[in-house]
Amino acid sequence: MPLTTASLLTLLGAFVTTTLGHGYVTGYVADGVQEPGFLLQYYYDKKNGMSVPPLAAWYAENLDSGFVSPSAYQTPDINCHKNSAPGSLTTTVKAGSKVTFQWGTAAGGAWPHPYGPIIDYMAACDGDCGQADKTKLRWVKTQASGIEGGQWASAKLIAENNTWTTTIPASIAPGNYVLRHEIIALHGGATIDGAQNYPQCFNIAVEGSGTAKPEGTLGTALYKDTDPGIHFSPYGTITEYPMPGPELFSG
């Protein structure tokens, strides 16, 4: 049966939604200073032999602005996204200061998914984070927001012009860390392997007088596809959301 014009438009819309409807951090503000994220164009520039600016943001091959699925939770991709590699620079931040992440999509649009938590982690580096081995990083959960007053954290991000602000713990010891910022989109979470993780990583050097050095969790041990906060339907009346991942650092 030949496709009608309407059918073709429907298929095209589905394709665009699939390939361009996700997102990534296009930039961030640390201690009031604007910093660039890893843009998808840099991947293609690198493949075509063009120069790519040095960044504190990590390289990743989320070419369709895509996600890490629960079936990949026990692979290195869950750390900092697909085939990620450390940035060569480091952004300096003060303990107790704020970092604001700015999200966008490959099509230049807004973050599209209003259902799901936002979680931030830090992992101490043994020396320069530009040489970090992602499979050995141990992640400490420093902030986690699920649903409050009927509004998901992801919906709040959208309402705040596609931005999210996290605070570097005031008690954390100075040193080099990888900051991991993550949205978990749950619009498909009612089915196993339906959640979508969007981890984004950045090298930071924390300044301050803190002494806390909490033990973290390896990336491949952060989540399971059967966790109550991963295999979770975000629709209907929700009175409680079981936050996935390790315990929150309270320092």
Side-chain angles (χ1 to χ4, degrees), residues 21-25 62 66-82 98-99 101 103 111-123 134-135 137-160 162-169 171-172 177-201 212 214-251:
H22 307 300
Y24 56 98
V25 172
N62 47 323
F67 53 87
V68 179
S69 64
S71 59
Y73 282 172
Q74 278 66 60
T75 74
D77 285 349
I78 191 57
N79 288 282
C80 297
H81 224 309
K82 297 177 181 178
K98 299 183 183 300
V99 178
F101 300 100
W103 282 80
W111 175 254
H113 303 307
Y115 304 105
I118 298 177
I119 309 177
D120 295 291
Y121 294 86
M122 292 173 64
K134 61 190 175 187
T135 66
L137 292 173
R138 290 188 169 272
W139 301 105
V140 176
K141 183 193 289 182
T142 57
Q143 188 169 345
S145 298
I147 187 169
E148 184 177 349
Q151 184 185 47
W152 282 98
S154 294
K156 182 179 179 181
L157 177 146
I158 294 170
E160 295 184 355
N162 303 297
T163 64
W164 187 263
T165 299
T166 191
T167 300
I168 305 300
S171 64
I172 205 78
Y177 295 84
V178 178
L179 177 60
R180 180 180 184 273
H181 172 61
E182 179 180 47
I183 297 176
I184 303 178
L186 292 176
H187 53 283
T191 60
I192 290 289
D193 206 34
Q196 300 177 355
N197 291 61
Y198 296 83
Q200 309 277 289
C201 289
E215 184 71 21
T217 302
L218 290 174
T220 51
L222 288 175
Y223 313 118
K224 299 189 298 294
D225 61 0
T226 55
D227 286 345
I230 298 294
H231 183 205
F232 184 91
S233 174
Y235 306 109
T237 300
I238 298 170
T239 58
E240 185 177 359
Y241 172 68
M243 186 66 64
E247 290 185 8
L248 184 68
F249 173 59
S250 60

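Model, not experiment: these values are computed from the prediction. Position 1 is the first residue of the sequence, and the numbers go up from there.
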**Prompt:** Is Asp120 close to Lys141 at the side-chain level, that is, under 4.5 Å between some pair of heavy atoms?
**Reply:** no

**Request:** Verify the distance criterion only: is there a donor paired with an acceptor across the side chains of Asn197 and Tyr73 at less than 3.5 Å?
**Result:** yes

**Asked** Is the shortest heavy-atom distance from the side chain of Ile192 to the side chain of Asp225 under 4.5 Å?
**Response** yes

**Item:** Residue pair Ile119 / Arg180, side-chain heavy-atom distance below 4.5 Å
**Value:** no

**Item:** Nearest heavy atoms of Trp152 and Pro234, plus distance in Å
**Value:** NE1-O, 3.7 Å

**Message:** Please find the pair of heavy atoms, one from Pro199 and one from Asn79, that lie closest to each other, and give the distance.
**Reply:** CB-O, 3.8 Å

**Asked** Got Ile238 and Ser233 here, is their nearest side-chain heavy-atom distance under 4.5 Å?
**Response** no

**Message:** Using a 3.5 Å distance criterion without hydrogens, assess whether the side chain of His81 forms a donor-acceptor pair with backbone atoms of Gly66.
**Reply:** yes

**Asked** Got a donor-acceptor contact below 3.5 angstrom from the Gln200 side chain to the Val25 backbone?
**Response** yes

**Prompt:** Closest heavy-atom contact between Ile184 and Ala195?
**Reply:** CG2-CB, 4.4 Å

**Item:** Member of Thr166, Thr142, Leu222, Val140 meeting the side chain to side chain contact (heavy atoms under 4.5 Å, CB included) criterion with Tyr121
**Value:** Leu222

**Message:** Would the distance check show the side chain of Asp77 and the main-chain N or O of Val68 forming a donor-acceptor pair, the cut-off being under 3.5 Å?
**Reply:** no

**Prompt:** Which atoms form the tightest heavy-atom contact between Leu186 and Gly229, and what is the distance?
**Reply:** CD2-O, 3.8 Å

**Request:** Flag yes if more than 12 heavy atoms outside Lys156 fall under 6.0 Å of its NZ atom; otherwise flag no.
**Result:** no

**Message:** If we ignore hydrogens and angles and just use 3.5 Å, is the side chain of Lys98 paired with the main-chain N or O of Thr165 as donor and acceptor?
**Reply:** no

**Item:** Glu160, CD atom: more than 12 neighbouring heavy atoms under 6.0 Å
**Value:** yes

**Request:** Compute the ring centroids of His113 and Trp103, then answer whether they are less than 6.0 Å apart.
**Result:** no

**Message:** Is there a side-chain contact between Lys134 and Ile78 in this structure, where contact means two heavy atoms from C-beta onward sitting under 4.5 Å apart?
**Reply:** no

**Message:** When you measure from the side chain of Tyr235 to the backbone of His187, do you find a donor-acceptor pair of N or O atoms at a distance under 3.5 Å?
**Reply:** yes

**Asked** Of all heavy-atom pairs between Phe249 and Ser171, which one has the smallest distance, and what is that distance?
**Response** CZ-OG, 3.6 Å

**Asked** To the nearest 0.5 Å, what is the distance between CG (Leu218) and CD (Gln74)?
**Response** 11.5 Å

**Asked** Of the non-hydrogen atoms in Trp139 and Cys201, which two are nearest, and what is the gap between them?
**Response** CH2-SG, 4.1 Å

**Asked** Is the side chain of Asn162 donor-acceptor paired with the backbone N or O of Trp111 at a distance under 3.5 Å, no angle test?
**Response** yes

**Request:** Mark yes when over 12 heavy atoms from residues, nucleotides or ligands other than Tyr223 sit less than 6.0 Å from its OH; otherwise mark no.
**Result:** yes

**Prompt:** Do the side chains of Leu179 and Tyr177 get nearer than 4.5 Å, heavy atoms only?
**Reply:** no

**Message:** Let me confirm one number: the CD-CD1 distance from Glu240 to Ile147, rounded to the nearest 0.5 Å.
**Reply:** 11.5 Å

**Asked** Given side chains that start at C-beta, do those of Ile183 and Trp164 come closer than 4.5 Å, heavy atoms only?
**Response** no

